[in-house]
S.K.: 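Pasting a structure below so you can have a look.
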Amino acid sequence: MRTATLGPAQRAEALAGMAERELDVLVVGGGVVGAGTALDAVTRGLATGLVEARDWASGTSSRSSKLIHGGLRYLEMLDFALVREALKERGLLLERLAPHLVKPVPFLYPLQHQGWERLYAGSGVALYDAMSMARGHGRGLPTHRHLSRRHALRVAPALKKDALVGALQYYDAQMDDARYVATLVRTAAAYGAKVANRARVTGFLREGERVVGARVQDVEAGGEYEIRAKQVVNATGVWTDDTQAMVGERGQFHVKASKGIHLVVPKDRINSSTGLILRTEKSVLFVIPWGRHWIVGTTDTGWDLDKAHPAASSADIDYLLEHVNSVLAVPLTRDDVQGVYAGLRPLLAGESDATSKLSREHTVAHPVPGLVVVAGGKYTTYRVMAKDAVDEAVHGLDLRVAECVTEDVPLLGAEGYRALWNARARIAARTGLHVARVEHLLNRYGSMAEEVLDLIASDSSLGEPLQAADDYLRAEVVYAASHEGARHLDDVLTRRTRISIETFDRGTRSAREAAELMAPVLGWDKDHIEREVEHYEKRVEAERESQRQPDDLTADAARLGAPDIVPL
């Protein structure tokens, strides 16, 4: 399977190609659902285009809890169908579709009551494992186990002794959500989809009541394209209603945004060999292993302010610290927080105003001829959402179209990954990199790590780590711009890498070095480098300021103090 390069030249060619001849399917929205829809459509043999107004996964799909999970708490709601579906997808991703990107992660659930709670919670986790096994996709994960208090404290010494009487340990899976989407987009492009980020839909083309395409503005180079398509799929997540408004149709359902924030803290601040899942009065709280860090989240509150840059307030941060500290022997403080990020879940609005009660199910509709809308759902089940959206679009095509095949289409980097993993010591010896660096590359790029190693072979300085973010090699910054569609410094520091949340300086000390590495690939001069660095520093300061504000309204106003970068 050849890989696809998403550099500046390929982006320009894709936009021109989409405008040149009518597509079968044009997908609007470059999050996980839109990218998955493009891959589904193109692997059925359909002429497919994908456009995204900002960067790939720049919205919800880069700001999740980074979990691929069945949704254990949905069992308590008796939503067995949703859990069963998600567990099947979890197994497919772990074992077949993306073993290089999706990894097992253990969780400890502390028990606080003798007797009945172990029976109640244990029955739920046992059912969770059984449903996973029954789908034939649970063999990649260990089954749950019951722990005494003493055993639980050996596994997680960070817990207060009086915070539990025992525990359950079970497994789910995790991934880097933004990296997953970038790989999904590249996989669609490798099968022939035309893809372009920083390409904003400004309106839909109509013939009578039928939607026949979209007007797309090239945000980078200027100019507008008319892209004609037999079917357009609106996969814009929390922007669904805004996109629908362009055709004068509000649609058959309403999407409401729910804000969730996460804190990133260094690994040494919580002494544990396992993740934690804690029950709160509203939802659940996760403490998730994340390389040399922990991710603590999340909140679940309504949000009707700026969708592009949801802001975490001081109250949000205090809420998470208070709840996690209720079980930690050594409490976390504000000074322990390396990074903070906020994301919006697209929920299908129900009759209740409480976002925790809105639907996590997804819905597909055909509100006007030529336009399909897909919304709601969970990251884990993106492939099912994509299949349903393309199935709906196919109804409007005068073609015989193949059934969905994405259950058997591994993402780029999956093929050969396990063989390379087994050979990682040999690769380290050949390249001169430490074996830990090779493992890092294999777990981010899979077999495409060879392309990053080729960059290092041609310029040995790229094999050095970034000075202020030594988890990442200089080659990864170059590769992000040349192969992964990164157009701006923010794309690299926030999504292609996670430097923006994994360092106490939020990436500001790496900004200039990264910009200078990107410059030759993207044709930047010194003035452009300065603009990129200045914009990134302003964005970080605006986020820091928002996190000092007491509530959503003031946090949103502070975050909007740094505008999006606009190329000159």
Side-chain angles (χ1 to χ4, degrees), residues 25-37 50-55 57-64 199-206 209-217 219 229 231-260 300-311 342-379 381-382 385-386 388-389 392-393 552-553 556 559-560 564:
V25 176
L26 172 65
V27 184
V28 181
V32 70
V33 176
T37 301
L50 170 66
V51 292
E52 159 59 40
R54 297 188 295 154
D55 184 29
S58 56
T60 304
S61 294
S62 62
R63 306 177 192 187
S64 74
R200 183 185 305 280
V201 169
T202 58
F204 289 104
L205 305 177
R206 303 286 292 265
E209 67 169 345
R210 186 175 189 83
V211 171
V212 295
R215 283 186 298 279
V216 176
Q217 177 192 9
V219 179
Q231 292 286 312
V232 177
V233 178
N234 172 6
T236 52
V238 294
W239 287 272
T240 297
D241 292 5
D242 305 272
T243 310
Q244 285 300 103
M246 292 184 193
V247 289
E249 299 283 342
R250 190 167 176 275
Q252 297 159 345
F253 51 81
H254 175 57
V255 175
K256 187 175 177 65
S258 164
K259 184 179 73 169
D300 192 354
T301 55
W303 180 265
D304 57 7
L305 301 168
D306 179 61
K307 295 189 185 80
H309 306 293
L344 301 177
R345 304 175 191 86
L347 305 181
L348 299 178
E351 295 177 3
S352 167
D353 289 335
T355 62
S356 59
K357 295 177 182 173
L358 297 183
S359 176
R360 262 65 169 182
E361 302 279 359
H362 70 271
T363 295
V364 175
H366 220 136
V368 294
L371 179 66
V372 171
V373 186
V374 55
K378 287 157 44 74
Y379 198 112
T381 56
Y382 81 87
M385 296 174 68
D388 290 350
E392 186 66 32
D552 283 353
L553 205 59
D556 179 64
R559 177 59 187 88
L560 291 176
D564 282 342

S.K.: Not counting sequence neighbours, which residues clear side chain to side chain donor-acceptor pair (under 3.5 Å) with Asp388? List them please.
M.R.: His362
S.K.: Between Asp55 (side chain only) and Ser58 (backbone N and O only), is there a donor and an acceptor less than 3.5 Å apart?
M.R.: no
S.K.: With rounding to the nearest 0.5 Å, note down the distance linking CG in Leu305 to CZ in Arg559.
M.R.: 13.5 Å
S.K.: Distance from Asp241 atom CG to Met246 atom CE, nearest 0.5 Å?
M.R.: 12.0 Å
S.K.: How many angstroms lie between NZ in Lys256 and CG in Leu348, if you round to the nearest 0.5 Å?
M.R.: 13.0 Å
S.K.: Spell out, as yes or no, whether a donor-acceptor pair under 3.5 Å connects the side chain of Arg200 to the backbone of Val219.
M.R.: no
S.K.: Judged by atom type as modelled, is there a donor-acceptor pair below 3.5 Å linking the side chain of Thr60 to the main-chain atoms of Gly343?
M.R.: no
S.K.: Can you find a heavy atom in the side chain of Asn234 that is under 4.5 Å from one in the side chain of Trp239?
M.R.: no
S.K.: Within the 4.5 Å heavy-atom criterion, are Gln231 and His366 side-chain neighbours or not?
M.R.: yes
S.K.: Ser258 side chain to Arg345 main-chain N or O, any donor-acceptor pair under 3.5 Å?
M.R.: no
S.K.: Give the minimum heavy-atom separation between Ala199 and Val216, together with the two atoms involved.
M.R.: CB-CG1, 3.7 Å
S.K.: Decide yes or no for Arg54 and Glu52: does some side-chain heavy atom of the first lie under 4.5 Å from some side-chain heavy atom of the second?
M.R.: yes
S.K.: Do Asp552 and Lys259 have side chains that approach each other closer than 4.5 Å (heavy atoms only, starting at C-beta)?
M.R.: yes
S.K.: With no hydrogens and no angle check, is any side-chain donor or acceptor of Ser61 less than 3.5 Å from a backbone partner on Val32?
M.R.: yes
S.K.: Considering only heavy atoms from C-beta outward, does the side chain of Val211 approach that of Arg206 to under 4.5 Å?
M.R.: yes
S.K.: Side-chain contact, heavy-atom cut-off 4.5 Å: Asp242 with Thr236?
M.R.: no
S.K.: Are side-chain heavy atoms of Glu209 and Val368 found at a separation under 4.5 Å?
M.R.: no
S.K.: Which heavy atom of Ala229 sits nearest a heavy atom of Leu26, and at what distance?
M.R.: CB-CB, 3.7 Å
S.K.: Should His309 and Asp564 count as side-chain neighbours, where that means a heavy-atom distance under 4.5 Å?
M.R.: yes
